[in-house]
Trainee: 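Below you'll find the structure I mean.
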Amino acid sequence: CELRWTPIDLEALFSRAPFTVTTDPERIAVMAPALTIPVAIADGAALVPIPESWRARNAVVIAIGGGREHALTVLADDLDVQPATGSGLVRVRVRSTGVPIVAAYIKVYREVGGQAQFHKDGHSDRRGLFDYAALTDEAPTATRFALYVDGGAAGSTVAIVDAPTR
């Protein structure tokens, strides 16, 4: 068996497919891998640590062996993203410390009629809060939202949330 590691630009992939970027890695793993690791399988399983040089990188990892292939999106982040679907707010914190992230960049897409549409982008406030749902003008009714969150040194991630109930 072998593991193939391919680095990804999460924001660029999110902008192309905001609702499937983390759930459909087979669609995005089209580049040649930057790292290939042979893995010995014992009793049908193997525990493989993330290589040190990849711990701060977002990647698609493809496991190939026994005539099968499985892809997984690996996000290297220390983010705690807490959407409140009742209010349309999201709180962004550093997971390891609980400290709010000031000025985290957040890009939001809405899903309307099964189609992804750009909704808004902006930055979290001093409390780590950002209103992902509200707009100054009238927007179509969304069924759910996709949020790309860039927390700087804490990494980046994607969250899919239901539309607010407010």
Trainee: Report, as yes or no, whether the 6.0 Å neighbourhood of atom CZ on Arg68 holds more than 12 heavy atoms from other residues, nucleotides or ligands.
Mentor: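 Open.
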Trainee: Run the numbers on Glu2 and Val39 for side-chain contact (heavy atoms from CB on, under 4.5 Å), then give the verdict.
Mentor: CA-CA 5 Å; Glu2 70 180 21; Val39 177; 5.9 Å; no
Trainee: Ring centres under 6.0 Å, that's the criterion: do His119 and Tyr109 meet it?
Mentor: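 Ring centroids of His119 and Tyr109 are no less than 6.0 Å from each other.
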Trainee: Determine whether Tyr105 and Val158 fall in the same hydrophobic cluster, where Ile, Leu, Val, Met, Phe, Trp and Tyr are linked whenever their side-chain heavy atoms lie under 4.5 Å apart.
Mentor: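 Linked within one cluster.
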Trainee: May I ask you to decide if the ring planes of Trp5 and Trp54 are parallel, tilted or perpendicular, using 30° and 60° as cut-offs?
Mentor: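 Rings of Trp5 and Trp54: tilted, 30 to 60°.
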Trainee: Phe145 ring centre to Lys120 NZ or CZ under 6.0 Å, with the angle to the axis within 45°?
Mentor: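 Judged by the rule, Lys120 and Phe145 form no cation-pi pair.
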Trainee: Kindly indicate, with the supporting measurements, whether the criterion side-chain contact (heavy atoms from CB on, under 4.5 Å) is fulfilled by Val74 and Val60.
Mentor: CA-CA 6 Å; Val74 177; Val60 169; over 6 Å; no
Trainee: Under the 3.5 angstrom rule, does the side chain of Thr143 hit a backbone N or O of Val112 as a donor-acceptor pair?
Mentor: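 A pair under 3.5 Å: no.
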Trainee: Just by distance, do the side chain of Ser124 and the backbone of Leu129 share a donor-acceptor pair under 3.5 Å?
Mentor: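 Here the side-chain-to-backbone pair does not exist.
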Trainee: When you check the side-chain N and O atoms of Ser96 and Asp78, is any donor under 3.5 Å from an acceptor?
Mentor: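 Their side chains do contain a donor-acceptor pair, which is all the 3.5 Å distance test asks for.
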Trainee: Should Leu135 and Arg110 be marked as a side-chain contact (heavy atoms from CB on, under 4.5 Å) after you check the CA-CA gap, both sets of side-chain angles, and the distance that decides it?
Mentor: CA-CA 12 Å; Leu135 287 175; Arg110 63 181 175 247; 3.7 Å; yes
Trainee: Let me see the working for Leu147 and Val90 under side-chain contact (heavy atoms from CB on, under 4.5 Å), right down to the final yes or no.
Mentor: CA-CA 9 Å; Leu147 290 72; Val90 62; 3.9 Å; yes
Trainee: List for me each residue that meets side chain to side chain donor-acceptor pair (under 3.5 Å) alongside Thr141, sequence neighbours excluded, and say none if there are none.
Mentor: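 Once residues adjacent in sequence are excluded, Thr141 has no partner under the side chain to side chain donor-acceptor pair (under 3.5 Å) criterion.
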Trainee: For Ala76, is there any backbone N or O sitting under 3.5 Å from a side-chain donor or acceptor partner on Asn58?
Mentor: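 Yes; at least one donor-acceptor contact below 3.5 Å.
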Trainee: Before accepting this row, confirm whether a basic side-chain N of the pair Lys107/Asp150 lies closer than 4.0 Å to the acidic partner's carboxylate O.
Mentor: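 Result for this pair is no, no salt bridge flagged.
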